[in-house]
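Below you'll find the structure, written out as structure tokens, and then a few comments.
In what follows, every chain begins at residue 1, and chains take the letters A, B, ... in the order their sequences are listed.
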Amino acid sequence: KQEVTQIPAALSVPEGENLVLNCSFTDSAIYNLQWFRQDPGKGLTSLLLIQSSQREQTSGRLNASLDKSSGRSTLYIAASQPGDSATYLCAVKLTGGGNKLTFGTGTQLKVEL
Amino acid sequence: DVKVTQSSRYLVKRTGEKVFLECVQDMDHENMFWYRQDPGLGLRLIYFSYDVKMKEKGDIPEGYSVSREKKERFSLILESASTNQTSMYLCASSLWDRTATDTQYFGPGTRLTVL
């Protein structure tokens, strides 16, 4: 059974700092991996999706990498801003797993002024 | 613009009540999903549907049922609500998995409290 782990569970950084969020998964037979953002009391918004054949994806100040062989993904946020404060979740879709996603428990990020 | 709506943002029910949570999407998506989200446990899939009248159990279907009579609407039913079903419930939809880039779009969530 696929297990997805995110460390740390919570992170607090000063504004302007570059930071890395980590995601690890136990089954490397993944179809794709996604990073989502969730604001308090709200639904999830997709940030980046990396296909299994890709190594990384970039969107603005966000860069996500994928290393299937080691079962890891990182989300790099450059020049963090208070508006980046949210919970970040990674989710994997297994090859042959249909449309099901397995989610990590998330990293709660706070960017302070 | 993609839109998934859920019938209620907050709901308070009594133990033993029958509870309906409604989800509607306007994107003509084939797939629809119901998750619950609890602190420390993350999102867990309850049920999903890949077509009208079709459904499959997720990881934690016990105590829940679903209905999909129309493509755009997916309902989650708690036959007899219990306090351990107090949670945030999230609905999502997606296209059938034609490409490796199809993502799930989420509704705003329903915070259900069972007293």
Quiz item: Sub-3.5 Å donor-acceptor pair from the side chain of B:R9 to the main-chain atoms of A:G41, do we have one?
Solution: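 Pair found, side chain donor or acceptor close to backbone of A:G41.
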Practice problem: State, to 0.1 Å, how close B:D59 and A:K100 come at their nearest heavy-atom pair, and which atoms those are. | Solution: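 Result for this residue pair: OD1-NZ, 4.1 Å.
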Self-check item: Nearest atoms (heavy-atom pairs only) where B:Q104 meets A:F36
Solution: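 Looking at all heavy atoms of both residues, the closest pair is O-CE2, 3.9 Å.
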Exercise. I would like to know whether B:Y35 and A:L101 meet side chain to side chain contact (heavy atoms under 4.5 Å, CB included); could you show each step before the answer?
Key: CA-CA 10 Å; B:Y35 296 89; A:L101 295 178; 4.1 Å; yes
Quiz item: In terms of heavy-atom proximity below 4.5 Å to chain B, should A:Q38 be classed as side chain, backbone, both, or neither?
Solution: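 Looking at A:Q38, just its side chain touches chain B.
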Self-check item: Contacting region of A:L89 [heavy-atom separation from chain B under 4.5 Å]
Solution: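 Side chain only.
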With a 4.5 angstrom heavy-atom cut-off, could you sort out which part of [X] is near chain A: side chain, backbone, both or neither?
X     : answer
B:F33 : side chain
B:R44 : neither
B:L43 : both

Exercise. Decide side chain to side chain donor-acceptor pair (under 3.5 Å) for B:T103 and A:Q34; before the verdict, give the C-alpha distance in whole Å, the side-chain angles of both, and the deciding distance to 0.1 Å.
Key: CA-CA 8 Å; B:T103 187; A:Q34 284 187 260; 2.4 Å; yes
Quiz prompt | Shared hydrophobic cluster for B:L11 and B:V114 (ILVMFWY, side-chain gaps under 4.5 Å) | solution =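 Yes, B:L11 and B:V114 fall within the same hydrophobic cluster.
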Quiz item: Under a 4.5 Å side-chain heavy-atom rule over Ile, Leu, Val, Met, Phe, Trp and Tyr, are B:Y47 and B:Y105 clustered together?
Solution: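 Not linked; separate clusters.
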Quiz item: Which of residues 68-78 of chain B get closer than 4.5 angstrom to chain A, counting heavy atoms alone?
Solution: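 Answer by number: none.
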Self-check item: Approximate separation, where rounding is to 0.5 Å, of B:L90 CG and A:F103 CZ
Solution: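 Separation between the atoms: 8.5 Å.
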Quiz item: Roughly how far apart are A:S46 OG and B:F106 CZ, rounded to 0.5 Å?
Solution: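 CZ of B:F106 is found 9.0 Å from OG of A:S46.
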Quiz item: Hey, which of A:T105, A:T87, A:L44 has the most heavy atom pairs under 4.5 Å with chain B?
Solution: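 Of the candidates given, the most pairs with chain B belong to A:L44.
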Practice problem: For A:Q2, look at atom CD and say whether over 12 heavy atoms of other residues, nucleotides or ligands are found less than 6.0 Å away. | Solution: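 More than 12 heavy atoms, drawn from other residues, nucleotides or ligands, come within 6.0 Å of this atom.
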